[in-house]
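As structure tokens, the structure follows; a few thoughts come after it.
Reckoned from all heavy atoms, side chains included, excluding hydrogens, waters and symmetry mates.
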Amino acid sequence: MKLYNTMTKQKEEFVPVEPGKVKMYVCGPTVYNLIHIGNARPMIVFDTVRRYMEHKGYEVNYVSNFTDVDDKIIAKAAEEGVSAQEISQRYIAECKKDMADMNVKPATTHPLATQEIDGMIEMISDLIQKGYAYDVKGTVYFRTRKFAQYGKLSHKNLDDLRSGSRSLLVTGEDQKEDPLDFVLWKPKKEGEPYWKSPWSDGRPGWHIECSVMAKKYLGEEIDIHAGGEDLIFPHHENEIAQSECCNGKPFAKYWLHNGFLNIDNKKMSKSLGNFFTVREIGEKYDLQVLRFFMLSAHYRSPLNFSAELMEASKNGLERIRNGVDNLKHMINAAEEKELTQEEKENLKKAQELAEKFDEAMDDDFNTADAVAAIFEIVKLANTTANAGNAKEYLRQLKEKIAQLSDILGLITEKEEEMLDSDIEKMIEERQAARKAKDFKKADEIRSKLLEKGIILEDTREGVKWKRA
RNA sequence: GGCGUCAUAGCCAAGUGGUAAGGCACGGGUCUGCAACACCCUUAUCACCAGUUCAAAUCUGGUUGACGCCUCCA
């Protein structure tokens with residue numbers, strides 16, 4: 001399996017730190033509002049990475065934090081006149097709901113920044129002791145000059161960065177030794193939540209939390225660290241500085257970053273008003289459609305969002321589901337018997353397509369190609385399967401499609417729901433009407449059911465129904 | 001200004017040296033009372049220019065265009 005490492009700018013063979021295990025950390029959202037579809041991209045993409053790793057037999061320890069102390073949370077709390085904790089807890093709950101609807105598995109651990117303050121103070125103290133950090137009147141900064149490798153992830157020229165931020169020094173904004181130094185601990189302002197520390201009553205900087213949580217839940221050296229591409233600098237760069245200076249060993253072996261989700265080819269932003277929450281999309285679509293949409297492009301490419309593309313994704317996903325649905329229906333009608341030579345050959349083709357799926361995923365998680373392989377199996381099923389086939393043949397095709405879809409987190413089988421008895425009765429009535437060639441009545445009944453969200457389909461094997 | 005990414009059919013999107021996967025949409029047709037599902041047929045020489053090569057979407061140089069990071073941000 002190869003994956004693209006931002007650090008080395010190339011695809012590398014994946015070799016875990018510990019054989020058979022994957023330790024992976026994904027930067028999670030700051031919880032001050034409902035998550036937007038841009039937040040959803042890394043969740044879906046890296047959940048898919050996780051599922052694929054598990055499919056390959058790895059035991060995956062997946063850690064993703066919630067940043068629950070931050071300026072924006074405090075601002076939102078002030079706005080509503082409630083505590084910061086109330087805001088963060090509310091939106092953590094909402095976020096988890098969205099994740100479930102997108103079929104994103106809960107992380108092995110979802111640590112909260114506010115629950116890890118002790119660890120942060122410990123790490124900051126350690127960095128000060130080792131000379132990598134310094135305290136100026138209660139604010140603690142990281143001394144970037146001391147870490148020779150600073151900039152190795154984002155491939156920045158530090159002199160350019162320093163000259164670029166010269167204005168900061170001129171305006172005297174800072175008591176920093178160097179403009180690139182960043183905050184590890186800052187004193188509280190009036191009314192803000194705070195914790196006691198050796199330096200001041202205050203709160204941690206943003207970057208330190210991830211270093212601490214990764215270390216606590218995964219260890220000093222992890223396999224994969226992932227997040228949105230905008231986190232490369234400064235967030236991940238700073239994490240590397242903190243962790244490697246503190247632990248004295250490489251932090252993460254592989255750095256994975258997803259591309260942005262754009263709207264009308266522009267980055268989403270509140271000022272442009274081109275902003276959608278996952279919740280809003282969920283009102284119009286099954287969020288499986290959003291997931292399918294996200295997987296239609298490579299995770300590192302920018303992806304443009306539009307209503308038209310959501311429609312296309314909806315139809316595409318429907319095609320896969322119809323395929324599974326049709327197979328299911330045929331399985332009920334089919335007989336158990338020996339596989340014919342032709343059936344065996346077709347199953348072999350399906351197996352080859354499943355291998356193609358794996359090859360695509362092995363190549364830096366090429367989900368677009370992987371989805372294409374699923375479509376090809378669906379096509380194979382649609383063109384070859386009928387109720388006259390051996391039951392085993394149909395079952396295997398269905399299983400193959402469902403299994404590969406599941407690796408991508410796509411649910412192909414709707415749960416069987418019990419029909420209300422009166423709806424069942426209506427379907428029977430319609431069947432009677434059809435038998436009597438009273439099509440007018442039959443159509444009336446079908447229309448009525450449609451109004452209730454029940455779609456009927458007449459097939460050779462009988463009437464199928466599904467919810468709209 | 002510095003660093004970086006990208007440009008494939010109406011739309012989305014694979015393909016990184018051997019002659020263009022897949023999906024959506026459109027049109028035509030088959031099946032079924034109709035509809036839906038499904039099936040069949042139809043749709044591109046890969047931004048432009050120059051070069052390397054027997055052979056390039058795929059390598060090199062240039063041009064144009066779009067975008068991202070450098071500041072909180074998935």
Side-chain angles (χ1 to χ4, degrees), chain A residues 6 9 26-30 32 35-46 67 70-72 151 154-165 167-168 180 206 226-235 237 257-262 265-270 292-293 295-298 300-306 308-323 325-326 329 353 356 360 363 366-379 381-386 433-434 437-440 442-443 446-447 450 455-460 464-466:
Chain A
T6 305
K9 296 204 242 183
V26 180
C27 290
T30 301
Y32 64 101
I35 59 166
H36 59 248
I37 53 179
N39 292 304
R41 170 116 103 143
M43 289 176 182
I44 287 171
V45 158
F46 297 119
T67 297
D70 169 90
D71 286 341
K72 277 177 283 202
S154 51
H155 309 102
K156 299 281 183 200
N157 179 321
L158 298 193
D159 292 330
D160 288 341
L161 281 175
R162 291 202 168 94
S163 65
S165 47
S167 57
L168 286 182
L180 293 187
W206 173 40
E229 63 181 350
D230 56 326
L231 296 184
I232 296 170
F233 189 90
H235 185 55
E237 197 69 72
H257 294 97
N258 66 275
F260 264 110
L261 185 80
N262 297 322
N265 290 311
K266 295 280 180 211
K267 187 172 167 173
M268 283 197 305
S269 78
K270 285 182 178 169
F292 185 78
F293 162 73
L295 297 176
S296 69
H298 189 93
R300 282 188 284 118
S301 305
L303 180 57
N304 206 31
F305 180 90
S306 72
E308 191 188 354
L309 292 175
M310 282 300 283
E311 276 308 309
S313 296
K314 182 183 163 195
N315 292 336
L317 179 60
E318 198 62 29
R319 179 177 172 79
I320 295 172
R321 287 180 165 175
N322 280 335
D325 226 41
N326 289 335
H329 210 68
L353 288 167
K356 183 181 161 188
D363 183 16
N366 189 335
T367 52
D369 242 10
V371 169
I374 294 178
F375 273 121
E376 289 185 65
I377 299 177
V378 170
K379 180 79 159 192
N382 286 340
T383 50
T384 65
N386 61 64
R434 290 180 71 208
K437 297 209 185 294
D438 184 354
F439 297 122
K440 194 179 169 210
D443 286 350
R446 183 169 56 188
S447 304
L450 184 62
I455 296 171
L456 298 187
E457 292 181 8
D458 299 325
T459 74
R460 288 185 191 82
K464 282 169 55 184
W465 65 273
K466 62 181 178 183

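- Rounded to whole Å, the C1' atom of B:rA21 lies 24 Å from the corresponding atom of B:rC37.
- Note that CE of A:M268 is 8.5 Å distant from CZ of A:F260, once rounded to the nearest 0.5 Å.
- OP1 or OP2 of B:rC12 has not a single side-chain nitrogen or oxygen of A:N304 nearer than 4.0 Å.
- Within the model, atoms NZ of A:K379 and OG1 of A:T384 stand 12.0 Å from one another, a figure rounded to the nearest 0.5 Å.
- Nucleic acid contact class of A:A312 (heavy atoms, under 4.0 Å, all strands): sugar-phosphate only.
- A distance of 8.5 Å separates CG of A:D325 from NE2 of A:H329, quoted to the nearest 0.5 Å.
- Defined by atom type and a distance below 3.5 Å, a donor-acceptor pair is present between the side-chain atoms of A:H36 and A:N39.
- Within the nucleic acid shown, A:G38 comes within 4.0 Å of at least one base atom, counting heavy atoms only.
- Here A:H235 contributes atom NE2 and A:S154 contributes atom OG; the two are 13.0 Å apart, rounded to the nearest 0.5 Å.
- When both pairing distances are held under 3.5 Å, B:rA38 makes a Watson-Crick or G-U pair with B:rU30.
- When the P atom is used for both B:rG4 and B:rG10, the distance is 33 Å, rounded to whole Å.
- Checked by atom type and distance alone, the side chain of A:N366 pairs as donor or acceptor with a backbone atom of A:D369 at under 3.5 Å.
- Judged by closest nucleotide on RNA chain B, A:K9 is the one of A:K9 and A:F260 placed further toward the 5' end.
- Side-chain proximity of A:D363 to the nucleotides B:rA74, B:rC12, B:rG15 is greatest for B:rG15.
- Summarising the base pairing, B:rG65 is matched to B:rC6 through a Watson-Crick or G-U wobble pair whose two defining distances lie under 3.5 Å.
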Contact state string [nucleotides 30-35 of chain B, B base, S sugar-phosphate only, - no protein heavy atom under 4.0 Å]: -S-BBB
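- Taking the C1' atom of each, B:rC11 and B:rU5 are spaced 22 Å apart, rounded to whole Å.
- Taking atom C1' on both B:rA47 and B:rU58, the two are 15 Å apart, rounded to the nearest angstrom.
- If you take CZ on A:R434 and CG on A:D443, they are separated by 9.0 Å, rounding to the nearest 0.5 Å.
- As rounded to whole Å, 15 Å separates atom P of B:rA38 from atom NE2 of A:H329.
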B/S/- contact track for nucleotides 39-46 of chain B, protein heavy atom under 4.0 Å: SS------
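- Comment: A:K156 does not engage A:E237 in a salt bridge, judged by the lack of any side-chain N to carboxylate O separation of less than 4.0 angstrom.
- Annotation: A:K314, atom NZ; neighbour count of heavy atoms from other residues, nucleotides and ligands within 6.0 Å does not exceed 12.
- Summarising the geometry, the separation between CD on A:E308 and P on B:rA13 is reported as 12 Å, rounded to the nearest angstrom.
- In this structure the side chain of A:N326 reaches within 4.5 angstrom of the side chain of A:K464, judged on heavy atoms.
- Using a 4.0 Å heavy-atom cutoff across all strands shown, A:F375 reaches sugar-phosphate atoms only and no base atom.
- Look at the C1' atom in both B:rG65 and B:rA56: the space between them is 22 Å, to the nearest Å.
- Between the side chain of A:T367 and the backbone N or O of A:A297, at least one donor-acceptor pair lies under 3.5 Å.
- When rounded to the nearest whole Å, the span between CG of A:L295 and P of B:rC12 equals 18 Å.
- Distance check on atom P: B:rU52 versus B:rA66 gives 31 Å, rounded to whole Å.
- A:I374 comes within contact range of no nucleotide atom at all, as no heavy-atom separation falls under 4.0 Å.
- A distance of about 16 Å separates the P atoms of B:rG17 and B:rA7, rounded to the whole Å.
- Counting to the nearest Å, the C1' atom of B:rG68 and the CG atom of A:L231 are 13 Å from each other.
- In this structure, A:I455 and A:L450 have side chains that are in contact, with non-hydrogen atoms separated by less than 4.5 Å.
- For B:rA13, there is no paired nucleotide, since no Watson-Crick or G-U wobble pair has both relevant distances below 3.5 Å.
- Nucleic acid contact class of A:D369 (heavy atoms, under 4.0 Å, all strands): base.
- A straight line from NZ of A:K314 to C1' of B:rC12 spans 17 Å, rounded to a whole angstrom.
- Straight-line distance between the P atoms of B:rC69 and B:rG27: roughly 40 Å, to the nearest whole Å.
- Across all strands shown, A:E311 has no heavy atoms under 4.0 Å from either base or sugar-phosphate atoms.
- In terms of phosphate contacts, A:N39 brings a side-chain nitrogen or oxygen within less than 4.0 Å of OP1 or OP2 of B:rA74.
- Nucleotide B:rA20 is matched to nothing when pairs are restricted to Watson-Crick or G-U wobble geometry with both distances under 3.5 angstrom.
- Distances from the side chain of A:E229 to the nucleotides B:rA38, B:rA13, B:rG68 place B:rG68 closest.
- Put simply, CD1 on A:I455 is 9 Å from P on B:rC37, counting in whole angstrom units.
- Where A:F292 and A:H36 each meet RNA chain B at their nearest nucleotide, the meeting point lying more 5' is that of A:F292.
- Judged by Watson-Crick or G-U wobble contacts below 3.5 Å, the nucleotide B:rU53 has no partner.
- Between the CG atom of A:N382 and the CZ atom of A:F375 there is a distance of 11.0 Å, given to the nearest 0.5 Å.
- The distance from atom NE2 of A:H235 to atom P of B:rC69 is 16 Å, rounded to the nearest whole Å.
- Closest to the side chain of A:K72, out of B:rG68, B:rC70, B:rC72, is B:rC72.
- Residue A:W206 has a polar side-chain atom (N or O) positioned under 4.0 Å from OP1 or OP2 of B:rC73.
- Atom CD1 of A:I37 and atom C1' of B:rA74 are 12 Å apart (whole Å).
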